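Whatever order the structure lists ligands and atoms in, that order sets their numbers, starting from 1. Computed from a predicted structure; not experimentally measured.
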Amino acid sequence: MSQPPDLDQAYALKTPDDNRKLYATWAQSYDEGFAARMAYRLPALVAGAYAGAGPVLDVGAGTGLLGQALAARGVGPIDGIDISPEMLAVARGKAVYRDLRLADVTQPLDLGQRYAGVVSSGTFTHGHVGPAAIAGLLDLALPRAQFVLSVNKGVFAAQGFDAALSALGGRIAGVHLHEEAIYGDAPDPAHRADRAIILTFRAV
Ligand SMILES: C[S@@+](CC[C@H](N)C(=O)[O-])C[C@H]1O[C@@H](n2cnc3c(N)ncnc32)[C@H](O)[C@@H]1O
């Protein structure tokens with residue numbers, strides 16, 4: 001049997017289609033073989049930083065780890081979008097989402113509803129989704145909606161997240177950044193020290 005993908009392969013992706021293909025082969029082993037093994041912290045950190053109510057949109061919901069962490073804190077209803085049907089199938093099995101939809105966040109989205117909160121863990125990173133998607137997510141947000149997005153520190157400046165936030169100018173307020181370790185006591189020495197920015201702001 002072939003090995004499940006690893007972080008280096010995930011970080012080297014280039015297109016949404018690359019993501020679709022990689023996560024098709026990762027979905028079944030992701031929770032145990034990656035998240036538990038690496039003591040992956042971002043879903044809990046993003047859920048812990050979310051201080052709003054529902055409805056909440058989880059962007060790049062994957063297997064539903066962030067939805068589980070939000071639900072455990074009493075936040076809901078939670079909807080999720082992801083580009084990978086296989087990842088969403090695992091999330092669906094956890095029964096914490098009201099609605100899960102296949103969608104590419106780099107394309108214009110109309111989900112037929114607006115959200116009081118927009119959250120994301122692990123999706124704004126190398127080879128995945130860049131800062132251009134944030135403007136589209138603002139179109140899905142209610143006035144004063146709270147955003148909590150993890151952004152891999154290695155792409156924050158390199159992909160221009162700071163410039164993109166400045167360009168959003170009057171559409172967002174209360175921007176706050178803090179830095180966290182992505183993994184706990186991870187066995188993978190190449191990524192043990194990886195860090196993320198937990199980015200929070202409000203839609204105006
Ligand atoms: C590292 S996983 C994170 C999943 C989950 N949020 C977590 O923290 O475990 C990244 C997710 O982003 C999704 N993704 C990648 N590109 C995407 C895109 N353009 N639109 C929507 N989802 C995307 C992948 O399918 C994958 O499920």
Quick check on ligand 1: any N or O pairs to the protein under 3.5 Å? One line per pair.
{"from": "ligand 1", "atom 1": "6 (N)", "to": "Gly60", "atom 2": "O", "distance (Å)": "2.8"}
{"from": "ligand 1", "atom 1": "6 (N)", "to": "Ser121", "atom 2": "O", "distance (Å)": "2.7"}
{"from": "ligand 1", "atom 1": "6 (N)", "to": "Ser121", "atom 2": "OG", "distance (Å)": "3.3"}
{"from": "ligand 1", "atom 1": "8 (O)", "to": "Tyr40", "atom 2": "OH", "distance (Å)": "2.7"}
{"from": "ligand 1", "atom 1": "8 (O)", "to": "Ser121", "atom 2": "O", "distance (Å)": "3.0"}
{"from": "ligand 1", "atom 1": "8 (O)", "to": "Ser121", "atom 2": "OG", "distance (Å)": "2.7"}
{"from": "ligand 1", "atom 1": "9 (O)", "to": "Tyr30", "atom 2": "OH", "distance (Å)": "2.8"}
{"from": "ligand 1", "atom 1": "12 (O)", "to": "Thr123", "atom 2": "OG1", "distance (Å)": "3.4"}
{"from": "ligand 1", "atom 1": "19 (N)", "to": "Asp104", "atom 2": "OD1", "distance (Å)": "2.8"}
{"from": "ligand 1", "atom 1": "20 (N)", "to": "Val105", "atom 2": "N", "distance (Å)": "3.0"}
{"from": "ligand 1", "atom 1": "22 (N)", "to": "Ile83", "atom 2": "N", "distance (Å)": "3.2"}
{"from": "ligand 1", "atom 1": "25 (O)", "to": "Asp82", "atom 2": "OD1", "distance (Å)": "2.6"}
{"from": "ligand 1", "atom 1": "27 (O)", "to": "Asp82", "atom 2": "OD1", "distance (Å)": "3.3"}
{"from": "ligand 1", "atom 1": "27 (O)", "to": "Asp82", "atom 2": "OD2", "distance (Å)": "2.7"}

Would you please name every residue forming a salt bridge (charged side-chain N to carboxylate O under 4.0 Å, His left out) with Arg73, sequence neighbours left out?
none

Which residues pass the salt bridge (charged side-chain N to carboxylate O under 4.0 Å, His left out) test with Arg171, sequence neighbours left out?
Asp139

Note: Asp18-Arg20 ion pair, threshold 4.0 Å (strictly below)
no

Identify whether the distance between the nearest side-chain nitrogen and carboxylate oxygen of Asp31 and Arg37 falls below 4.0 Å.
no

For the pair Tyr30 and Phe34, name the ring-plane relationship: parallel under 30°, tilted 30 to 60°, perpendicular over 60°.
tilted

So which pairs with a foot in residues 82-91 pass salt bridge (charged side-chain N to carboxylate O under 4.0 Å, His left out), sequence neighbours left out?
none

